[in-house]
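Remarks on the structure that follows.
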Amino acid sequence: MSETSKSLNFIEQIIEEDLEKDYSQSNLRFRFPPEPNGYLHIGHASSICLNFGLGLRYKAPVNLRFDDTNPAKEEQEFVDAIKKDVSWLGFNWDTERYASDYFQQLYDWAVLLIKDGKAYVDSQSSEEMAEQKGTPTEPGVNSPYRNRSVEENLSLFEAMKKGEFKEGSHVLRAKIDMASTNMLMRDPIMYRVLHRAHHRTNTDWCIYPMYDWTHGESDYIEQVSHSLCTLEFLPHRELYDWFLDQVVDPKKLRPKQREFARRNLSHTVVSKRKLAQLVEQKVVKGWDDPRMPTISGLRRRGYTPDAIRNFADTIGIAKRDNLIDVSLLEFHVREDLNKITPRVMGVLDPLKVVITNYPEGKEEWLEAENSPEDESLGSRQVPFSGELYIEKADFKEQANKKFFRLKLGGEVRLKNGYIIKAESCTKDTDGNIIEVQCTYDPKSKSGSGTPESLRRVKGTLHWVSTKHAVPAEIRLYDRLFTHESPDTQKDKDFMEFINPNSLEVITGYLEPSLKDAKAGERFQFQRIGYFCVDRETAPEKLIFNKTVGLRDSWAKIQQKG
RNA sequence: UGGCCCAUGGUGUAAUGGUAACACUCCGGUUUUUGGUACCGUCAUUCUAGGUUCGAGUCCUAGUGGGCCAACCA
């Protein structure tokens with residue numbers, strides 16, 4: 001119902017128009033075509049949501065196709081990681097394909113092009129070819145090998161395939177137009193010699209097809225109706241169509257390439273090459289470092305598939321340059337985590353509180369609601385005693401009325417517990433407050449229904465009983481880059497903008513219910529933020545990642561003074 | 001001394017020739033045993049100049065600004 005009121009993006013409009021003209025819905029087919037040379041990032045997530053979203057919308061199959069035409073860069077590890085990420089996002093592909101499945105067909109078609117006088121073997125160096133290519137403002141000149149006979153081309157190409165030549169000695173080129181205003185049409189390379197083992201075809205081949213020769217033909221083989229890619233491929237479209245013209249059977253569906261703007265996220269880089277650099281130079285600990293904008297990094301950070309999909313839906317798809325503020329991504333993860341995470345208490349920067357009128361040695365277990373957003377999450381018991389931790393930032397000797405927290409002579413409620421009053425505090429020799437002495441109102445227990453418990457005090461603090469507290473390693477993350485757009489600054493390398501303080505590791509003190517928390521589990525630490533258990537956690541040493549903080553209006557009040 | 005793409009609040013998207021809409025951010029407020037959540041409110045002469053039209057964010061022309069194109073990468 002609500003679907004009908006939602007406006008279409010320009011890709012959907014193109015499809016709707018095609019459906020009105022010469023396509024039926026059963027012709028529709030899409031594909032997500034990553035090269036397995038790295039891990040997927042948030043930009044890919046957008047493309048995944050676009051293609052698979054279209055599949056869902058039109059009940060059309062979507063292939064997962066690995067564009068594996070360059071064995072120098074590709075690895076099985078990346079294939080596995082990509083499959084895991086797409087699945088984790090919640091999408092199911094129709095069939096798993098590889099461009100390498102089509103190497104023989106591509107080769108046969110190339111032979112046809114040669115026989116047709118549309119392709120030739122060039123035996124120059126890449127430098128010589130680059131010189132002849134011209135510039136965007138000057139036409140290129142023809143290769144001296146451009147008019148080799150069909151017979152010579154055929155035998156040379158076969159010799160290339162058989163491994164008789166060294167890398168760089170010969171290439172197969174399409175014979176198009178060295179004067180085209182489109183640089184890509186100036187006799188583009190179709191095949192190069194590469195004596196490399198491929199992660200799937202091993203050493204079966206020593207010539208490998210280039211992207212342009214492979215992609216459109218693969219779409220055609222799979223009968224993909226709409227081949228969607230980013231805007232930097234727009235100049236490739238003319239070549240995509242030219243290659244298709246050489247092989248298409250008019251009775252079969254002819255794929256269309258259409259382009260959309262890649263999504264850029266502020267304060268990070270969205271480029272596999274640059275992300276690989278961060279990994280190689282050990283700026284981060286790996287592709288799934290929680291600071292990385294990779295899908296695996298976001299997953300480890302505690303992001304949910306729903307958060308990422310909602311984000312992708314919200315930012316939409318268009319053709320103009322963009323820089324999406326990370327705050328929008330953070331909004332979506334908070335929105336989802338607020339609904340699904342149980343609330344717990346943990347103190348990250350502890351200050352000891354002693355309740356002087358609490359019976360010596362006594363402890364009691366208080367009932368605590370797991371989520372105000374979801375009653376079905378039930379409740380748990382939290383231990384209370386006469387010695388607790390609260391956050392250092394939650395106590396001041398003196399403060400104005402804007403400070404809703406604990407101050408000398410002031411009262412505050414301990415969440416799920418009692419109202420306490422600060423009576424005095426002690427300091428170390430440097431003047432740092434190391435302990436606060438309080439009294440509590442025994443009749444003010446949360447949920448007891450007494451008049452005292454119904455009293456309204458300004459602030460509510462989270463806390464942990466010192467005796468029961470579980471220490472845990474807490475990893476706090478900040479933006480990886482200090483600049484909102486680190487890789488678009490003229491004369492500056494993006495590496496210059498790396499935030500040196502993007503990771504802070506501290507020890508936090510958690511309520512004991514967290515003792516058995518398992519890797520991947522997510523929680524809201526009340527009044528602080530959302531956290532998830534890292535995969536490196538162990539029973540004797542819990543490790544939590546901070547996903548994102550709660551919105552903090554107190555921080556804003558403080559900033560303003 | 002070229003070709004192509006793009007231009008709507010701080011950000012991202014919508015309006016399909018007919019009242020500039022939605023979300024985020026920011027700012028202000030209500031509720032609250034999380035300074036969270038929820039809810040309410042403020043924030044735009046649609047890059048500029050011409051033109052077509054009863055009517056232009058939308059169509060046309062020019063300008064301005066931004067982006068892409070010269071890897072045996074994808």
Side-chain angles (χ1 to χ4, degrees), chain A residues 6-9 13 33-35 37 67-70 72-74 122 125-126 129-131 133-140 167-173 180-184 186 189-194 207-208 210-212 214-215 229 231-238 259 261 263 266 272-273 311 313-325 327-332 334-335 338-339 343 345 369 372-373 402-405 412-417 419 446-447 453-454 456-462 484 488 524-529 549-558:
Chain A
K6 207 188 165 213
S7 56
L8 304 178
N9 65 44
Q13 288 176 29
E35 182 190 12
N37 65 341
D67 237 332
D68 55 348
T69 57
N70 185 1
K73 292 185 176 177
E74 296 150 7
D122 198 331
S125 68
S126 59
M129 285 173 48
E131 266 176 50
K133 195 144 198 185
T135 70
T137 54
E138 298 162 37
E167 288 184 13
S169 56
H170 304 275
V171 292
L172 184 73
R173 288 230 256 174
S180 172
T181 52
N182 183 349
M183 298 291 290
L184 287 155
R186 323 245 262 224
I189 294 172
M190 295 171 67
Y191 277 93
R192 77 284 215 188
V193 175
L194 239 36
I207 56 172
Y208 290 93
M210 301 289 286
Y211 165 84
D212 287 298
T214 309
H215 203 93
C229 59
L231 233 30
E232 59 266 32
F233 288 94
L234 203 155
H236 292 250
R237 186 149 119 196
E238 191 180 0
E259 312 80 11
R263 320 313 297 182
S266 75
K272 253 194 268 181
R273 203 203 91 232
F311 169 73
D313 282 351
T314 302
I315 63 180
I317 229 68
K319 291 181 82 169
R320 53 175 173 155
D321 292 337
N322 57 82
L323 182 63
I324 298 152
D325 202 292
S327 64
L328 187 57
L329 217 208
E330 291 174 345
F331 163 78
H332 283 287
R334 284 195 193 101
E335 182 188 44
N338 176 51
K339 285 186 293 196
R343 289 348 57 156
M345 294 195 287
E369 172 186 52
E373 304 291 322
K402 278 189 181 170
F403 187 76
F404 301 167
R405 307 176 181 193
V412 92
R413 171 168 296 280
L414 293 176
K415 179 79 181 169
N416 303 125
I419 294 174
S446 286
S453 73
L454 268 15
R456 302 180 65 182
V457 291
K458 198 66 178 169
T460 301
L461 306 185
H462 61 95
E484 65 170 7
T488 60
Q524 186 200 89
F525 289 8
Q526 284 175 113
R527 300 213 302 136
I528 301 175
L550 257 25
R551 280 186 58 207
D552 189 353
S553 45
W554 170 237
K556 282 169 193 163
I557 294 167
Q558 279 179 303

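Owing to the predicted nature of the structure, the values given are computational and were not obtained by experimental measurement. Values below: all heavy atoms of this structure, side chains included; hydrogens, waters and symmetry mates excluded. A note on names: the letters A, B, ... follow the listed sequences, proteins ahead of strands, and every chain is numbered from 1.
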Counting just side-chain N and O atoms, does [X] come under 4.0 Å of either OP1 or OP2 of [N]?
X: A:S553; N: B:rG36; result: yes
X: A:K319; N: B:rC5; result: no
X: A:T181; N: B:rC69; result: no
X: A:R192; N: B:rC73; result: yes
X: A:R413; N: B:rU34; result: no
X: A:R456; N: B:rU32; result: yes

Taking pairs as Watson-Crick (N1-N3 plus N6-O4 or O6-N4) or G-U wobble (N1-O2 and O6-N3), each distance under 3.5 Å, the stems of three or more consecutive pairs with RNA chain B are B:2-7 with B:64-69, B:10-13 with B:21-24, B:27-30 with B:38-41, B:47-51 with B:59-63
Nucleotide B:rG36, atom C1' - distance to CD of A:E335 in whole Å: 14 Å
Mind calculating the distance between CG (A:D212) and P (B:rA71) to the nearest angstrom? 13 Å
Rounding to an integer number of angstrom, what distance separates B:rC24 and B:rA20 when you compare their P atoms? 23 Å
Using the C1' atom as the reference point in each nucleotide, state the distance between B:rU64 and B:rG28 in Å, no decimals. 38 Å
With no hydrogens and no angle check, just 3.5 Å: does a side-chain donor-acceptor pair link A:R527 and A:T460? no
Determine whether the side chains of A:S327 and A:D325 contain a donor N or O and an acceptor N or O closer than 3.5 Å. yes
Taking the side chain of [X] as heavy atoms from C-beta outward, which of [options] is closest to it?
X: A:Q13; options: B:rU16, B:rG66, B:rG35; result: B:rU16
X: A:P136; options: B:rU33, B:rU37, B:rG2; result: B:rG2
X: A:R405; options: B:rC73, B:rG66, B:rG35; result: B:rG35
X: A:T460; options: B:rA14, B:rA74, B:rU33; result: B:rU33
X: A:R263; options: B:rU33, B:rG12, B:rA70; result: B:rG12
X: A:E373; options: B:rG66, B:rG36, B:rA14; result: B:rG36

With a 4.5 Å heavy-atom cut-off, do A:E330 and A:R334 have their side chains touching? yes
With B for base contact, S for sugar-phosphate-only contact and - for none (protein heavy atoms under 4.0 Å), nucleotides 18-28 of chain B reads ------SSSSS
With a 4.0 Å cut-off on N to O distance, would you call A:E259 and A:R237 a salt bridge? yes
With a 3.5 Å cut-off and heavy atoms only, can you find an N or O donor on one side and an acceptor on the other between the side chain of A:E138 and the base of B:rU1? no
Check: B:rG35 base within 3.5 Å donor-acceptor of A:R527 side chain: no
With sequence neighbours excluded, tell me which residues meet salt bridge (Lys or Arg N to Asp or Glu O under 4.0 Å) with A:E232. A:R262
Aromatic ring of A:Y211 stacked on base six-ring of B:rA74, 5.5 Å, 30°: no
